[in-house]
Amino acid sequence: MAKDIYHEAVKNALIKDGWRILADSYFLQYEDAQLYADLLAEKTLLAEQNNRTIVVEVKSFINPSPMRDFELALGQYIVYRDILDLSEKHYAIYLAVKDTVFESFFQRKSVKAIVKRHQVEFIVFNDEKEEIVSWISSQDMEK
């Protein structure tokens, strides 16, 4: 299975942010569907004294058509989220995208509307610093 070009940058950014990587390629299964998300990570939330586990799918958006990349990323995100729900895994799922991609492509009105409609959650990262820039909920995105 080929990893996204930013896979290691996102993994390192999560580790810098205090997350522990539980699986580097997380196997998802429901009935006859078998898929792999990029990462499964866990962090202890001190205020609540419990752990939060997330699934992360990394997308580079380096193809000539960012809209085609978006179609593929959104489809994957929805399928993974549904498989997690159907298999009763209560993990939040995040789409990890580079900061420059989020600040340009994901600011388009059409993309914002689709993201909000499908309730996509984001990890926005800087690939050079290997740092998380922000965590963005689709509900936080303006119209």
Side-chain angles (χ1 to χ4, degrees), residues 1-62 66-143:
M1 180 174 69
K3 292 183 178 178
D4 186 276
I5 62 170
Y6 298 123
H7 183 94
E8 290 302 317
V10 172
K11 181 178 165 182
N12 291 334
L14 285 166
I15 292 169
K16 272 186 185 178
D17 198 47
W19 291 85
R20 188 167 59 105
I21 304 301
L22 301 176
D24 188 346
S25 290
Y26 176 58
F27 181 65
L28 297 165
Q29 181 174 18
Y30 179 74
E31 299 292 340
D32 60 343
Q34 299 178 340
L35 302 162
Y36 287 91
D38 288 320
L39 297 166
L40 178 70
E42 177 185 72
K43 186 174 188 177
T44 299
L45 303 175
L46 296 177
E48 300 171 14
Q49 290 299 315
N50 58 19
N51 295 341
R52 180 171 184 222
T53 305
I54 61 172
V55 173
V56 179
E57 184 60 26
V58 181
K59 289 297 168 201
S60 60
F61 288 83
I62 57 172
M67 191 55 84
R68 179 69 182 140
D69 284 343
F70 179 56
E71 290 173 359
L72 295 172
L74 181 61
Q76 228 174 346
Y77 182 91
I78 291 169
V79 169
Y80 292 178
R81 183 177 60 200
D82 286 349
I83 286 178
L84 287 169
D85 285 346
L86 291 167
S87 60
E88 299 182 13
K89 303 277 187 187
H90 303 290
Y91 305 150
I93 183 166
Y94 287 86
L95 185 63
V97 296
K98 188 175 166 180
D99 51 358
T100 55
V101 171
F102 190 83
E103 292 163 7
S104 56
F105 179 76
F106 282 93
Q107 300 311 308
R108 295 171 61 168
K109 281 188 175 183
S110 60
V111 174
K112 282 182 171 183
I114 294 167
V115 162
K116 193 166 185 170
R117 179 180 177 92
H118 292 284
Q119 301 175 353
V120 179
E121 307 295 320
F122 291 94
I123 296 173
V124 179
F125 65 93
N126 179 293
D127 61 313
E128 293 175 5
K129 295 180 181 175
E130 296 188 339
E131 291 179 347
I132 294 172
V133 173
S134 58
W135 298 77
I136 297 177
S137 167
S138 61
Q139 300 308 311
D140 297 335
M141 295 181 75
E142 298 173 23
K143 291 184 178 178

K.L.:
Which distance, rounded to the nearest 0.5 Å, do you find between the CG of Leu14 and the CG of Leu40?
P.N.:
10.5 Å
K.L.:
Are the side chain of Asp17 and the backbone of Ala13 linked by a donor-acceptor contact shorter than 3.5 Å?
P.N.:
no
K.L.:
Do the side chains of Lys16 and Glu131 get nearer than 4.5 Å, heavy atoms only?
P.N.:
yes
K.L.:
Applying side chain to side chain contact (heavy atoms under 4.5 Å, CB included) between Ile123 and each of Leu39, Ile132, Val58, report the one that passes.
P.N.:
Ile132
K.L.:
Report the distance from atom CD of Glu8 to atom CD1 of Ile15, rounding to the nearest 0.5 Å.
P.N.:
8.5 Å
K.L.:
How about Ile54 and Trp19: do any of their side-chain heavy atoms sit closer than 4.5 Å?
P.N.:
yes
K.L.:
Nearest heavy-atom pair of Phe102 and Gln107: which atoms, and what distance?
P.N.:
O-NE2, 2.9 Å
K.L.:
Please list every donor-acceptor pair under 3.5 Å in which a side-chain atom of residues 67-81 meets a protein atom from a residue at least two apart or in another chain.
P.N.:
unit_1, atom_1, unit_2, atom_2, d
Arg68, NH1, Glu71, OE1, 2.8
Asp69, OD1, Asn63, ND2, 2.6
Asp69, OD2, Ile62, N, 3.4
Asp69, OD2, Asn63, N, 3.2
Gln76, OE1, Lys59, NZ, 2.6
Gln76, NE2, Glu57, OE2, 3.4
Gln76, NE2, Tyr80, OH, 2.9
Tyr77, OH, Ile93, O, 3.0
Tyr77, OH, Glu121, N, 3.0
Tyr80, OH, Tyr36, O, 2.9
Arg81, NH1, His118, O, 2.6
Arg81, NH1, Gln119, O, 3.3
Arg81, NH2, His118, O, 3.3

K.L.:
Quick check: do Phe61 and Lys98 have side-chain heavy atoms less than 4.5 Å from each other?
P.N.:
no
K.L.:
Do any pairs count as a side chain to side chain donor-acceptor pair (under 3.5 Å) and have a residue in residues 84-97, sequence neighbours left out, and if so which ones?
P.N.:
Arg52-Tyr94
K.L.:
As a test of understanding, state which of Asp38, Asp4, Val97, Val56 forms a side chain to side chain contact (heavy atoms under 4.5 Å, CB included) with Val10.
P.N.:
Val56
K.L.:
Got Lys11 and Asp24 here, is their nearest side-chain heavy-atom distance under 4.5 Å?
P.N.:
yes
K.L.:
Once you round to the nearest 0.5 Å, how far does CG of Leu86 lie from CD of Gln29?
P.N.:
12.5 Å
K.L.:
Would you say Leu35 and Phe27 make side-chain contact, with heavy atoms under 4.5 Å?
P.N.:
no
K.L.:
When you look at Val115 and Phe122, which way does the side-chain contact (heavy atoms from CB on, under 4.5 Å) test go after all the steps?
P.N.:
CA-CA 10 Å; Val115 162; Phe122 291 94; 3.5 Å; yes
K.L.:
Give the intermediate values and the outcome of side-chain contact (heavy atoms from CB on, under 4.5 Å) for residues Asp99 and Phe125.
P.N.:
CA-CA 5 Å; Asp99 51 358; Phe125 65 93; over 6 Å; no
K.L.:
Rounded to the nearest 0.5 Å, what's the gap from OG on Ser60 to NE2 on His7? Could you check?
P.N.:
13.0 Å
K.L.:
Which pair of non-hydrogen atoms, one from Asn126 and one from Glu128, has the smallest distance, and what is that distance?
P.N.:
OD1-N, 2.9 Å
